Protein chains: 2
Amino acid sequence: MPEKPPAPAVEKVKTTYLEGLIGYNARRAALVIIDAFLQQMAVYGLRPVDFSVLSLIHHNPGITSRQLCATLNIQPPNLVGMIRSLENRSLLTRQPHPNDGRAVGLHLTASGQELMLDAERTAQELESDAAAGLTATERKTLIRLLQKIYL
Amino acid sequence: MPEKPPAPAVEKVKTTYLEGLIGYNARRAALVIIDAFLQQMAVYGLRPVDFSVLSLIHHNPGITSRQLCATLNIQPPNLVGMIRSLENRSLLTRQPHPNDGRAVGLHLTASGQELMLDAERTAQELESDAAAGLTATERKTLIRLLQKIYL
DNA sequence: TATTGTTATACTCTATAACTATA
DNA sequence: TATAGTTATAGAGTATAACAATA
């Protein structure tokens with residue numbers, strides 16, 4: 001009876017199968033961009049989620065925590081700490097909601113607005129870097145197709 | 001001096017700014033697909049990362065932990081538990097590496113191969129669902145553009 | 001009775017330092 | 001000296017249950 005030959009080593013890993021799945025590709029692409037985001041936004045002391053929150057408040061002054069949670073798929077308990085932290089940094093204020101005593105309207109402070117003008121400019125540069133290999137048309141196509149997946 | 005008017009409430013949240021960023025869209029799309037993946041793969045007892053690991057072993061028998069880590073951007077310590085768990089379920093075996101005494105070659109067992117044939121078929125169905133709103137051409141374009149971001 | 005915001009808490013995911021055996 | 005695999009551990013991220021105040 002012949003001995004079982006030793007299993008050969010893998011020289012080059014074949015990723016063909018996974019690379020055919022949209023989910024795998026979307027996740028890999030998201031991780032690369034988020035990693036760049038983390039590094040570039042560090043100077044502002046903002047993580048991606050902080051940037052998203054502040055940006056939504058920036059463009060929707062008076063937005064409530066509940067609306068932020070629904071928009072960004074964040075659980076309410078997990079937003080509490082972020083809001084408190086950003087409030088402690090004087091980047092936002094919590095004001096009484098005009099017609100719902102339970103809710104609180106969120107607004108950027110003057111320094112919060114200043115920070116976000118800079119941060120959103122940086123985000124645009126980062127966007128150009130990420131899409132450096134894409135034409136303007138391809139970039140628009142990519143965003144349109146991604147939105148078809150999740151909207 | 002007139003009283004400051006109360007800040008108005010936000011009726012509809014404007015997400016225009018964030019929706020113009022590739023990273024935001026890629027992450028949202030990835031989360032939607034991964035969520036569907038989690039639900040569909042639950043019957044196999046596989047999380048997305050388990051599926052990725054087993055799939056790579058399936059298509060690269062003899063692959064090492066180190067190669068898996070490099071391919072999937074996993075830290076080695078975080079892979080140890082996954083491998084052990086999959087080995088305990090008799091889905092894979094660890095065999096001596098043919099030409100490196102430090103390394104271990106990973107192989108699917110017969111039941112591991114059976115499971116992955118089913119799981120990969122399910123993944124394909126899930127892929128069709130995710131891309132339900134896309135034409136075949138759009139799906140290929142999406143994957144091609146995503147790979148331009150991260151490869 | 002339902003919803004907003006909150007606390008406390010647990011669970012998962014990810015990252016780092018340090019060790020061993022081998023190259 | 002460097003690398004593969006491992007252990008222990010810490011930190012970040014995410015989820016659920018339950019409560020007070022208001023609708």
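Keep in mind the model is a prediction, meaning the values are calculated, not measured. Per chain, numbering begins at 1; letters A, B, ... match sequence-line order.
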[X] [atom1] - [N] [atom2] separation (whole Å):
| X | N | atom1 | atom2 | answer |
| --- | --- | --- | --- | --- |
| B:I34 | C:dT12 | CD1 | P | 17 Å |
| A:L79 | D:dG13 | CG | P | 14 Å |
| B:H97 | D:dA4 | NE2 | C1' | 10 Å |
| B:M82 | C:dA15 | CE | C1' | 12 Å |
| B:D50 | C:dC13 | CG | C1' | 13 Å |
| B:I63 | D:dG5 | CD1 | C1' | 15 Å |
| A:L31 | C:dT14 | CG | C1' | 11 Å |
| B:L68 | D:dA4 | CG | C1' | 13 Å |

Compare all side-chain heavy atoms of [X] with those of [Y] and state whether any distance is below 4.5 angstrom.
| X | Y | answer |
| --- | --- | --- |
| B:M116 | B:H59 | no |
| B:E19 | A:I143 | no |
| A:L21 | B:F51 | yes |
| B:S65 | B:L106 | yes |

In B/S/- notation, 5' to 3', how is nucleotides 15-23 of chain D contacted by protein heavy atoms closer than 4.0 Å? BBB---BBS
Verify the contact: side-chain N or O of [X] to OP1 or OP2 of [N], cut-off strictly under 4.0 Å; return yes or no.
| X | N | result |
| --- | --- | --- |
| B:R84 | D:dT7 | yes |
| B:R66 | C:dA23 | no |
| A:R47 | D:dG13 | yes |

Rounded distance [0.5 Å steps], CD1 in B:I57 versus OG1 in B:T64: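 Taking CD1 in B:I57 and OG1 in B:T64, the distance rounds to 10.0 Å.
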Between atom CG of A:L54 and atom CE of A:M82, what is the distance when rounded to the nearest 0.5 Å?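 Rounded to the nearest 0.5 Å, the CG-CE separation comes to 11.0 Å.
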Out of B:I149, B:L151, B:L146, B:L142, which one pairs with A:N25 under the side-chain contact (heavy atoms from CB on, under 4.5 Å) rule?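 For A:N25, the side-chain contact (heavy atoms from CB on, under 4.5 Å) test succeeds with only one of B:I149, B:L151, B:L146, B:L142, which is B:L146.
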With sugar-phosphate meaning primed atoms plus P, OP1 and OP2, does B:V49 contact a base, only sugar-phosphate, or nothing at under 4.0 Å between heavy atoms?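 Contact class for B:V49: none.
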Given D:dT14, D:dG5, C:dT6, which nucleotide is nearest the side-chain atoms of B:A103?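 Of the options given, the side chain of B:A103 lies nearest D:dG5.
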Nearest-nucleotide 5' precedence on DNA chain C, A:S65 against A:R27: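 Taking each residue's closest nucleotide, the earlier one in sequence belongs to A:S65.
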